[in-house]
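Heads up, the thing below is written out as structure tokens.
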There are 2 protein chains.
Amino acid sequence: MTVSRVLRNRGDVSATTRERVLEAAKTLGYVPNKIAGALASQRVNLVGVIIPSFGNLVFPEVLAGISAGLEETGLQPVVGVTDYSPEKEETVLYEMLSWRPTGVIIAGLEHTDAARAMLENSAIPIVEIMDVDGAGIDSVVGISHQRAGRHMAEAILRAGYRKIGFLGTKMPDDHRARKRLAGFRAGLAEAGLTIADEEYYAGGSALAKGREMTETILARSPDLDFLYYSNDMIGSGGLLHCLDKGIDVPGQIGLAGFNGLPLLDGLPIKLATMDACRREIGIKAAEIIAGRPHSGVIGGELVELEPRLEPGDTIRKS
Amino acid sequence: MTVSRVLRNRGDVSATTRERVLEAAKTLGYVPNKIAGALASQRVNLVGVIIPSFGNLVFPEVLAGISAGLEETGLQPVVGVTDYSPEKEETVLYEMLSWRPTGVIIAGLEHTDAARAMLENSAIPIVEIMDVDGAGIDSVVGISHQRAGRHMAEAILRAGYRKIGFLGTKMPDDHRARKRLAGFRAGLAEAGLTIADEEYYAGGSALAKGREMTETILARSPDLDFLYYSNDMIGSGGLLHCLDKGIDVPGQIGLAGFNGLPLLDGLPIKLATMDACRREIGIKAAEIIAGRPHSGVIGGELVELEPRLEPGDTIRKS
DNA sequence: CCGATTTATGTTAGCGGTAACAGTTGAGGC
DNA sequence: GCCTCAACTGTTACCGCTAACATAAATCGG
């Protein structure tokens, strides 16, 4: 018992015994067993984090934010990956909850019924991140992708573009990309416009893909004057393609992506994009978990971050 | 007890009771407590993974490999981040070991004495990844960065370049970058050459940084005919700078980076690089952990992967 | 110098499962 | 009809630690 007290810095222990214990622990190479500790104390310093993939740059950045936000709190993130599969999400979640974490941070608002039920019954703080377009279970931290799409549409229209193409991913379970597109369509619709042509691809986002797709869509619809990409990676690929072909950007064709990847600053000209506040989302989510010591699931917070439009150099000045 | 058997699919349970148990578990929303289970069975389905940072693209890719390799094994990775700090590594490691994971995958061969002692005493499989230049504790999976640097030097010399500049990060604890540079120097030394000029930066790798540094070093040493970058990100930045300035690449100046980030395929011309086998390293490491059911720490495996030189378009054909 | 605190250490009973073993039942062999 | 054995279900004793409480030693005001 005294050892337990020394190692957790709890309760009063005389300086001498403390020393002796520390000494002994060191020479023995003793590492306390948190499993037993957690079972006895009903406290677990783990936070479950569930994301769709490591492949999309966005999630490592969110993780970095979570890591940073959890720093100093004694909490440790445990990451699970769903590969954009709702069933896998369910499995991973079950697995996580069986470790009785202090909280769960999970990407997106769309879950299977079973997953939703588990989250609701878990009686721990839940933070759904990235997206605020929909009903959350407990707390929600993210941006409105719908609104982000709409704002981009408005900015594009304001700049005078009219024949607009969309290039994006095929993933049906990427709800955020879907909502962005829906918002974008809505924005155009308000001006009586629709998307003039679209091009989809599967697989990770990469510059080369963006080039190909851009070439394809422009070959098919040479009269497009704007291309909206579902992410910065393919957007930048498109940008490079246009520059290669001597297309005047943003005069002849305007371009925009999404995410605000700082990674890509440094391209010949800067792609218009919208910052998804990835790091902030991670930090904020971590704070919410850390800030709820043992409070039962009372009211969840709703934190909506405002994506900044970064016009870059690929949209005409209106 | 019967419930335990049903939920773990172990031992004989009649079909009817099995049904009843499953039924009850579902209606109650019962999620078994792995903490108790692990304590009782002395089995934990977690694998500790310790990496320096999420910021460097390389590690998310390794993680993706680990995730993939662990798929189907019932093991779950738990990630800890050290920020390239040996002390933090020690802390994170202690934390992890206290959960008695099935194994630990840790980046690098350099650890504090205490960390090394913990790993040695842990009596679980340890896999040190990324780097094979040095003494491992148990298993090691990686590439020789020393040799990678040397090979790059040889390739550059073979192509006829002679006034060679190096651009890299300042991080003293990025041992792999350091070893690459040492190997590179050794390669040059064999031809009686040294690095003609060098330029360092701090902070994450980014295109824009690469541009700046390249401009700086070329302003200072306009007679350089080759630039070796410590990673592809800044290398690509440098490439873009050179193209911007109308510098003939690879005629007037050759360029090379390191990592083989597929992300960047699609730039106007392809940067010479060397693949670090990130994903394979992750997969292999996962397999080693998964493949050692309960075997005490017998002989560790040493898996050295061979980085492929991808000459791209930025080295003259020799 | 004593009772009341305060400080320091020890004791006991779980936490929620699982290993190991102990029953109980029914089917089948002879 | 008795025995054997597999198929099923139950009992008991922990796993290694901590909460809660109990006890012992040191401190202290009056």
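A note on names: the letters A, B, ... follow the listed sequences, proteins ahead of strands, and every chain is numbered from 1. What you see is a predicted model, and the numbers here were worked out from it, not measured in a lab.
D12(B) comes within 4.0 angstrom of a base, heavy atoms only.
Ring pair F54(A)/F54(B) is parallel by interplanar angle, where below 30° counts as parallel and above 60° as perpendicular.
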Letter per nucleotide, 5' to 3', of nucleotides 18-25 of chain D [B base touched, S only sugar-phosphate touched, - untouched; heavy atoms, 4.0 Å]: SBB-----

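In terms of phosphate contacts, Y30(B) brings no side-chain nitrogen or oxygen within less than 4.0 Å of OP1 or OP2 of dG16(C). The phosphate of dA8(C) (OP1 or OP2) has no side-chain N or O of T2(A) nearer than 4.0 angstrom. Distances shown here put every side-chain N or O of S14(A) at or beyond 4.0 Å from the OP1 or OP2 atom of dT7(C). Considering only side-chain N and O atoms, Q42(B) lies nowhere under 4.0 angstrom from the phosphate OP1 or OP2 of dA19(C).
In this structure, the CD1 atom of I35(A) is 13 Å from the C1' atom of dG16(C), given to the nearest Å. Taking atom CG on N33(B) and atom P on dC15(D), their separation rounds to 18 Å, with Å as the unit. Rounded to whole angstrom, the span from the CG atom of L39(B) across to the P atom of dA19(C) amounts to 12 Å. Across the protein-nucleic acid pair, R20(A) atom CZ and dA8(C) atom P stand 14 Å apart, rounded to whole Å.
S144(A) places no side-chain N or O within 3.5 Å of a backbone atom of D133(A) that could act as its donor or acceptor partner. Listed for the N121(A) side chain is no donor-acceptor partner under 3.5 Å among the backbone atoms of G29(B). Between the side chain of N33(A) and the backbone N or O of R100(B), no donor-acceptor pair lies under 3.5 Å.
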Using distance only, find each side-chain donor-acceptor pair of residues 109-117 of chain B under 3.5 Å and give its atom names and separation, not counting sequence neighbours.
residue, atom, partner, partner atom, Å
E110(B), OE2, K179(B), NZ, 2.9
H111(B), ND1, E89(B), OE2, 2.6
H111(B), NE2, G108(B), O, 3.2
H111(B), NE2, E128(B), OE2, 2.8
T112(B), OG1, E90(B), OE1, 2.8
T112(B), OG1, A115(B), N, 3.0
R116(B), NH2, L109(B), O, 3.3

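Note on K26(A) versus E23(A): no salt bridge recorded, every NZ/NE/NH1/NH2 to OD/OE distance being 4.0 Å or above.
Mapping R100(B) and T16(B) onto DNA chain D by nearest heavy atom places T16(B) closer to the 5' end of the strand.
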